Structures are given as structure tokens and as C-alpha cells.
Novice: 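Below: one structure in C-alpha cells.
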Amino acid sequence: MIKLWKVAVIEGDGIGPEVISSTVKVINALNETYKLSIELEFLEAGLGAYKKYGTNLPKQSQDKLFGADCVLKGPTTSLEGFGTELGVPVKIRKMFNLYANIRPFKPLPRASSLVNLDALIVRENSEGSYSGLEYRVSDQIALGIRVTTRSAAEKIFKVAFGMAEKRKKKVTLAHKANVLKATDGLYKEVFLNQARQYPEVLAEEAHIDALAHWLILRPESYDVIVAENLYGDIISDEAAALVGGLGLAASANLGDKYAMFEPVHGSAPDIAGKGIANPVAAILSFKMMLEWMGYPEAAHALESAINQTLAEGKKLTPDMGGSGKTEDIGNEVISNLPK
Ligand code: NAD
Ligand code: IPM
Ligand code: MN
């Protein structure tokens, strides 16, 4: 029997509904052509949900997440201020232990890339500074606890080395063990030990500050970059800028059984409501979902249609120098899908 994939869809805030609407049209088109067995279930989450229900991830939305196989997520606006709820992506990553955040960055046609970068950032997604252990001790002092465990380090390095084996066979650990001697020191120790199990993969370590510099000056020297949560977050946006901007950067948050696919970018309040957000990051995130589900042909067809759309450049969005609309790109991608 063919498996029916239940996909929970979060449209999100700001440009979220704009880029997800284009992505959903692409999904429906692919469902027909490739006879995919995918069913979408929409749920509310984010600032919009918070205003309506007093929480950014209400119970009924959580139930829908548990009833699904994976999530397609548009960006959600974070609540600001100490004591407010964790952001929706952080909550979902914790709920389903989505410990590996996979973020590919590579040249795309007509992207205004600054350098020649083809790298994969593997971001540890479950701990570090994102453990939620933050305290206001007094009016004058705030404390945050940064958690690093051997087991989470071992898991993320296994993913990083495994992916490097299928790519350019190099892994660079980004760390700051020269200062954070306990936490990043443990990371570095586990990394160097684990590297011995992958003799065909070159294991390299670099201080995160220096890596941020070399990423711009020697981009071609990188393959897989593995980093703890916050470093991975920051260098992801740097890498996105280097290959043409956040509008093109996709990601997969992977656990052992569940996964969430979302663009790297946020809700972009500066351009929300104008219909000009680039939907490519969201559509490429769905392409990563197809690969995860085991639909390589449909994933390949979608990637080709995106590349053709960008290469022809008929209706590019303003971030790529065009005057096209979000929905134009989605429609072009659909018309470029092999019939
Ligand atoms: P952002 O990623 O929303 O925007 C940064 C810049 O990139 C803006 O100038 C924006 O216009 C541009 N940009 C982003 N996506 C684009 C697209 N698809 N097409 C064209 N341009 C695009 O970052 P921010 O302004 O720091 O964050 C806004 C809100 O989003 C915050 O509340 C933040 O916490 C949240 N956020 C959510 C997620 C998520 O849900 N996964 C990710 C990042 C940020
Ligand atoms: C991301 C985002 C999130 C993060 C925020 C919105 C909580 O920046 O997915 O990169 O920091 O992980
Ligand atoms: Mn981020």
C-alpha cells in the first residue's frame, strides 16, 4: 500500500502566508503530475495565533502536529521580552527532538551571489544557548545557561560526517573552545574523537570568528560546516547573503522520525503584505521534504523547474533585481514542471 504523507502546514506571519501560498500551489501541481500521496493539514501558529488564543502554538495546533508525519512551516514572528513564550520553530524542534538543522547554500541561476560557495551548514538544533535556561537574577544581572551534552554532540557529528561522505568529504567544526572551554571544549573533544571513524573525510576545526571571515575570503574551501545552535544560526544568514540572499535559503529540521521544513528567513516585516517576497526558499524547503519522503524524481523535477524559472528570469522578485511578484515565481515554477 502506498503511504499517505500527512503534512502539517503553518502559513506563519508577515510574508509567511505569501510564500506558503505559492508553495502550496506548487505542491498541488506536483501532486497531480507525479501522483504524490501527500495530504495537507493547515494549522495556526505564530503571532497571529498568539493574538487570537494567547499562545503562539495552541493545543489544537499541537494536536495537528502530532497527527502529521512532518511540517511545512512558513516564518513566524517571535514574541519579544523576557518571560514571553519560545518561538514556534524552537518549540517544534524541542517537541519532536529535531536535532539536526540542515541548510544548503549553493549557486543558483541569476542569484546575486558575492562568492562561489557550495556548502552545507549542519546546525545543532536542540541545545546550546537555546535551552531556555535564562534568568533575571536581579535588576542588574541576567544569566543564561548554555548546555552542551556529549550525546547531542555525537548525534550531530554523525549527521555531518555522513553528509560529507556523500559530498566533498570535508567537515569543518565551528567553535570557540579558546574561550568557552567547558562547552565548546567538549564539542571539540567529541568531534576530534569521532573524526577517526571517518578516515576518508577531512576533519578541520576553526574558531567561529575566523570562520566567519574565511567564509567570505575562501568560500571554496568549505564543504560541510557543523556548528552549535547559535553559531549555526548566525553563519546561516551570512552564507545566505553570500549566495544571493535569504529569499533563496531553504532548510530541513530533522529528527529520527519526524521533520520540519522551512525557509531560513523570518517573517520580513519590512516587505510583508506587498506580495514581493521571494518564495524560492519556501519552495526549495518543500523540495527537501520530497527528498526526505523518498520522492527523488519529483524533487529533481521541482529543482529543475526552479532553476529554469530563475535562469529565464522573466519574473524575478525585487531581491533578485526584478519587479515580479511572489505568485509570479510560483506560477512560473509550475509552468516549468515537466508535463
Ligand atoms: P528576516 O529574515 O525576517 O528578514 C531579514 C531581511 O531579509 C529583511 O530585509 C527581509 O525583507 C529580507 N527577506 C527575508 N525573507 C525574504 C524573502 N523571502 N524575500 C525577500 N527578502 C526577504 O529577519 P528579521 O527581520 O530579523 O526577523 C523578523 C521576524 O521573523 C522576527 O520576529 C524573527 O524572530 C522572526 N524569524 C522567524 C524565523 C522562523 O520562523 N523560522 C526565522 C527567522 C526570523
Ligand atoms: C531560524 C530563526 C530562529 C532561530 C528564531 C526565529 C527562533 O532565526 O530558524 O534561523 O534562531 O533558530
Ligand atoms: Mn536564523
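Note that the structure is predicted; figures quoted are calculated from it, not measured. Both ligands and their constituent atoms are indexed starting at 1 by order of listing. Any value given below was found using the heavy atoms of this structure, including those in side chains, with hydrogens, waters and symmetry copies removed.
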Novice: Nearest non-hydrogen atom to atom 3 (O) of ligand 1 belongs to which of G74, P318, A268?
Specialist: A268

Novice: Are any of the N/O atoms in S78 less than 3.5 Å from those in ligand 2?
Specialist: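 In fact, backbone or side chain, S78 has no N or O that close.
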
Novice: Within the structure, does at least one protein heavy atom fall under 4.0 Å of atom 7 (C) of ligand 2?
Specialist: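 Given the 4.0 Å cut-off, atom 7 (C) of ligand 2 counts as touching protein heavy atoms.
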
Novice: Going by the order shown, which atoms of ligand 2 are within less than 4.0 Å of some heavy atom of V90?
Specialist: 7 (C)

Novice: Does at least one non-hydrogen atom of H265 fall below 4.0 angstrom from an atom of ligand 2?
Specialist: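 Flag not set, H265 not near ligand 2.
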
Novice: Would you tell me which option among G266, P269, S267 has the nearest heavy-atom contact to atom 25 (O) of ligand 1?
Specialist: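 Going through G266, P269, S267 one by one, P269 has the nearest heavy atom to atom 25 (O) of ligand 1.
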
Novice: Considering only heavy atoms, which of V88, I271, T326, T77 lies nearest to atom 20 (C) of ligand 1?
Specialist: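 Comparing heavy atoms across V88, I271, T326, T77, the nearest one to atom 20 (C) of ligand 1 lies in I271.
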
Novice: Side chain, backbone, both or neither: which part of L246 has a heavy atom under 4.0 Å from ligand 1?
Specialist: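 Side chain only.
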
Novice: Under 4.0 Å from a heavy atom of S78: give me the atoms of ligand 1 that qualify, with their elements.
Specialist: 32 (O), 33 (C), 34 (O)

Novice: I276 near ligand 1, heavy-atom distance under 4.0 Å?
Specialist: no

Novice: Looking at F161, I'd like to know if the NZ or CZ of R167 sits under 6.0 Å from its six-membered ring centre while staying within 45 degrees of the ring's axis.
Specialist: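 Not flagged: R167 not positioned over aromatic ring of F161.
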
Novice: Do protein heavy atoms approach atom 7 (O) of ligand 1 to less than 4.0 Å?
Specialist: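 Protein heavy atoms within 4.0 Å of atom 7 (O) of ligand 1 - there is at least one.
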
Novice: Are the charged groups of E154 and K158 less than 4.0 angstrom apart, N to O?
Specialist: no

Novice: At a 4.0 Å threshold, what atoms of ligand 2 neighbour a non-hydrogen atom of R103?
Specialist: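 Those atoms are 1 (C), 9 (O), 10 (O).
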
Novice: Between the side chains of E200 and K169, is the shortest nitrogen-to-carboxylate-oxygen separation below 4.0 Å, so that they form an ion pair?
Specialist: no

Novice: Tell me the protein heavy atom at minimum distance from atom 14 (C) of ligand 1, and give that distance in Å.
Specialist: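 Protein heavy atom with the smallest distance to atom 14 (C) of ligand 1: H265 CB, 3.6 Å.
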
Novice: Output yes when D184 and K176 qualify as a salt bridge under the 4.0 Å nitrogen-oxygen rule, no when they do not.
Specialist: no

Novice: Compute the minimum heavy-atom distance from K73 to ligand 1 and say whether it is under 4.0 Å.
Specialist: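 So K73 counts as touching ligand 1.
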
